[in-house]
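By convention in this document, chain letters (A, B, ...) are assigned in the order of the sequence lines, proteins followed by strands, and residues within each chain are numbered from 1.
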There are 2 protein chains.
Amino acid sequence: MVAKDRQTEEIIFEAATEEFIHKGMDGARMQEIADRAGINKALLHYYYRSKEKLFNAVFEKLSGQIFKKFAPVLDDNLSFEEKIRFFYREHLEILRKNPRLPAFILNEMNRNPEWMKKLILKIDIPKVWERLESLHKEDFERYHITRDNFPQLMTSIVALSVFPFAARGIFSTILESMGYDFDDYIEKRKIYAADFVINALR
Amino acid sequence: MVAKDRQTEEIIFEAATEEFIHKGMDGARMQEIADRAGINKALLHYYYRSKEKLFNAVFEKLSGQIFKKFAPVLDDNLSFEEKIRFFYREHLEILRKNPRLPAFILNEMNRNPEWMKKLILKIDIPKVWERLESLHKEDFERYHITRDNFPQLMTSIVALSVFPFAARGIFSTILESMGYDFDDYIEKRKIYAADFVINALR
DNA sequence: GGAAGGTTTAACCAGATGGTTAAAAGTAGT
DNA sequence: ACTACTTTTAACCATCTGGTTAAACCTTCC
């Protein structure tokens, strides 16, 4: 029966996602995933042959999510500044909805560097640079963005949105001790981070 | 024999550090730590009664390292800008020498949030804010730093130095694909990040 | 040299863990 | 109702893991 098949598979997938994202590959237990999905442990192996296969399925979907919304960066119709604002607005919103994603990805990437290496090498980074450079020649000149300092800028931009989530445990504690709220902080960050970068470049 | 005692304990500690920093609490194996230290597994339990105790000893030392060098921030004799430059110079240097530290800390903090919460709450954050605010009243006014956007600024500053290491796996791959070197990138970052922040505030 | 102390080892153990198996239960087409 | 098929289950297994035990081995001091 296709309908129920799909349902069970999805229930398992979601339970596995929860478990892996909280405890990582090493910490997660097949029994716990089964319990969470309300099924027998053998059923896990029926749908996903091994823990590794199940993990890979989950990881692939989650890592895809975090790299989404990067595409509009290459869009013709947005100015350089608009791109920066767009990026923080959209990316921080995705992360707000999936706050554990960054920690999870960094975690597993650290555990299995080769894995991520393959994923990254699919993207032709030098081409991205060339495209951006030709698309915003004037801005790049005005802001002194060169091929040499381009990585510095890019990593800075990403750091400002991803790091608060990667270190959410620390940050939300600190924020609370000052009487602020993490979700509030993120909402304001959509503007703050964009202003911060644009100002830094001027 | 005190001399040898100390030596064995240190060898174990170093082996455990290596193992934990590479594989985390969950991934690390007592047998591997013993092998790495060239001793018997039972000897581990003789010196450190359990895996958890051993881990805590390692974690405490490592987490101390990353929070060192934050103290001069409260120093009277440095101007606000000098503090920012000092921070990136010193902090990035520590991280360059211990590149796996950030990933490890974030990792374990994610695994055991309560743990870190206690550690953070030892610091009186509001007091740090007050001290800085009174120390650099003019700068804060000029740069529009208020109690409300202070967390935004602080997290941004830390993000720029820590995140490249937390995501080192990705970043070094990307850098290499553009023909650059991670260590070079970090060396340049000491200046770049400081300029970036100071410009952003202007 | 031998008693007393800490140090190191090999062998062992209970429980957890990922994975398997074979049979029962459900479903659909005829 | 019967067959062919997929789905689900309980029971089981081999291996791994953190931790223990009891005996051997040093060192030191008398």
Side-chain angles (χ1 to χ4, degrees), chain A residues 1-62 104 107-108 110-112 114-115, chain B residues 1-62 104 107-108 110-112 114-115:
Chain A
M1 202 206 220
V2 177
K4 191 164 188 191
D5 180 4
R6 188 102 222 110
Q7 205 192 331
T8 311
E9 197 171 331
E10 252 165 48
I11 290 171
I12 291 175
F13 189 88
E14 277 160 32
T17 301
E18 279 298 302
E19 192 69 7
F20 281 131
I21 218 169
H22 275 84
K23 308 191 184 165
M25 167 68 167
D26 288 332
R29 298 288 160 239
M30 294 297 265
Q31 187 60 58
E32 288 259 333
I33 295 173
D35 290 350
R36 209 189 263 264
I39 52 142
N40 191 289
K41 197 177 54 157
L43 203 53
L44 285 184
H45 291 88
Y46 176 75
Y47 282 100
Y48 300 87
R49 293 236 289 268
S50 69
K51 187 185 186 184
E52 212 187 330
K53 284 212 166 57
L54 176 54
F55 176 81
N56 285 349
V58 170
F59 184 82
E60 221 146 304
K61 188 183 175 190
L62 292 183
F104 172 74
N107 228 321
E108 298 303 329
N110 190 43
R111 202 179 55 88
N112 193 348
E114 298 311 312
W115 229 98
Chain B
M1 202 206 224
V2 176
K4 193 167 187 190
D5 181 3
R6 189 104 221 108
Q7 204 191 333
T8 310
E9 197 171 330
E10 254 166 49
I11 289 172
I12 291 175
F13 190 87
E14 277 160 32
T17 301
E18 280 297 304
E19 192 69 7
F20 280 132
I21 218 170
H22 275 84
K23 307 191 184 164
M25 167 68 167
D26 288 333
R29 299 287 160 242
M30 293 298 264
Q31 187 60 58
E32 289 257 333
I33 295 173
D35 290 351
R36 212 189 262 263
I39 52 141
N40 192 288
K41 196 178 53 156
L43 202 52
L44 285 185
H45 290 88
Y46 176 74
Y47 281 99
Y48 301 86
R49 292 236 290 268
S50 68
K51 187 186 185 182
E52 212 186 329
K53 284 216 168 54
L54 177 52
F55 176 80
N56 285 349
V58 170
F59 184 82
E60 220 146 304
K61 190 183 173 189
L62 291 183
F104 172 74
N107 229 322
E108 298 303 329
N110 189 44
R111 202 178 57 86
N112 193 348
E114 298 311 313
W115 228 96

Base-contact (B) and sugar-phosphate-only (S) positions in nucleotides 17-23 of chain D, heavy-atom cut-off under 4.0 Å, - elsewhere: SBBBB--
Salt bridge (charged side-chain N to carboxylate O under 4.0 Å, His left out) against B:Lys23, all qualifying residues, sequence neighbours excluded: B:Glu19, B:Glu32
Partners passing side-chain contact (heavy atoms from CB on, under 4.5 Å) against B:Asp35 (at least two apart in sequence or in another chain): B:Gln31
A:Glu60: partners by side-chain contact (heavy atoms from CB on, under 4.5 Å), with sequence neighbours left out: A:Trp115
Any A:Phe104 side-chain heavy atom under 4.5 Å of A:His22 side chain: no
Rounded distance (Å) that lies between atom P of C:dG18 and atom NZ of A:Lys53: 16 Å
Whole-Å gap separating P (D:dT7) and CD1 (A:Ile39): 13 Å
Rounded distance (Å) that lies between atom P of C:dT17 and atom CD of A:Glu32: 8 Å
Donor-acceptor contacts, no H, no angles, side chain residues 39-46 of chain A, under 3.5 Å, sequence neighbours left out:
residue : atom : partner : partner atom : Å
A:Asn40 : OD1  : A:Ala42 : N            : 2.8
A:His45 : ND1  : A:Lys41 : O            : 3.4

Close aromatic pair by centroid cut-off 6.0 Å: A:Phe20 and A:Phe55: yes
Atom-to-atom span, OH of B:Tyr46 to P of C:dT9 - whole angstrom: 12 Å
With A:Arg29 via side chain to side chain donor-acceptor pair (under 3.5 Å) - residues at least two apart: none
Euclidean distance, atom CG of residue B:Asp35 to atom P of C:dT9 [Å, nearest integer]: 12 Å
Inter-axis angle, terminal five-pair segments of the helix from C:dG6-D:dC25 to C:dT30-D:dA1 [nearest 10°]: 20°
d(CG, A:Leu43; P, D:dA11) in whole Å: 17 Å
Phosphate-side-chain proximity, B:Thr8 and C:dT7, N/O vs OP1/OP2 below 4.0 Å: no
Among C:dT9, D:dT7, C:dT8, the nucleotide that comes nearest once only the side chain of B:Tyr47 is considered: C:dT8
Indicate every side-chain donor-acceptor pair of residues 11-18 of chain A with a distance under 3.5 Å to a residue at least two apart or in another chain.
residue : atom : partner : partner atom : Å
A:Thr17 : OG1  : A:Phe13 : O            : 2.7

Set of side chain to side chain donor-acceptor pair (under 3.5 Å) partners for A:Asn107, sequence neighbours left out: B:Asn107
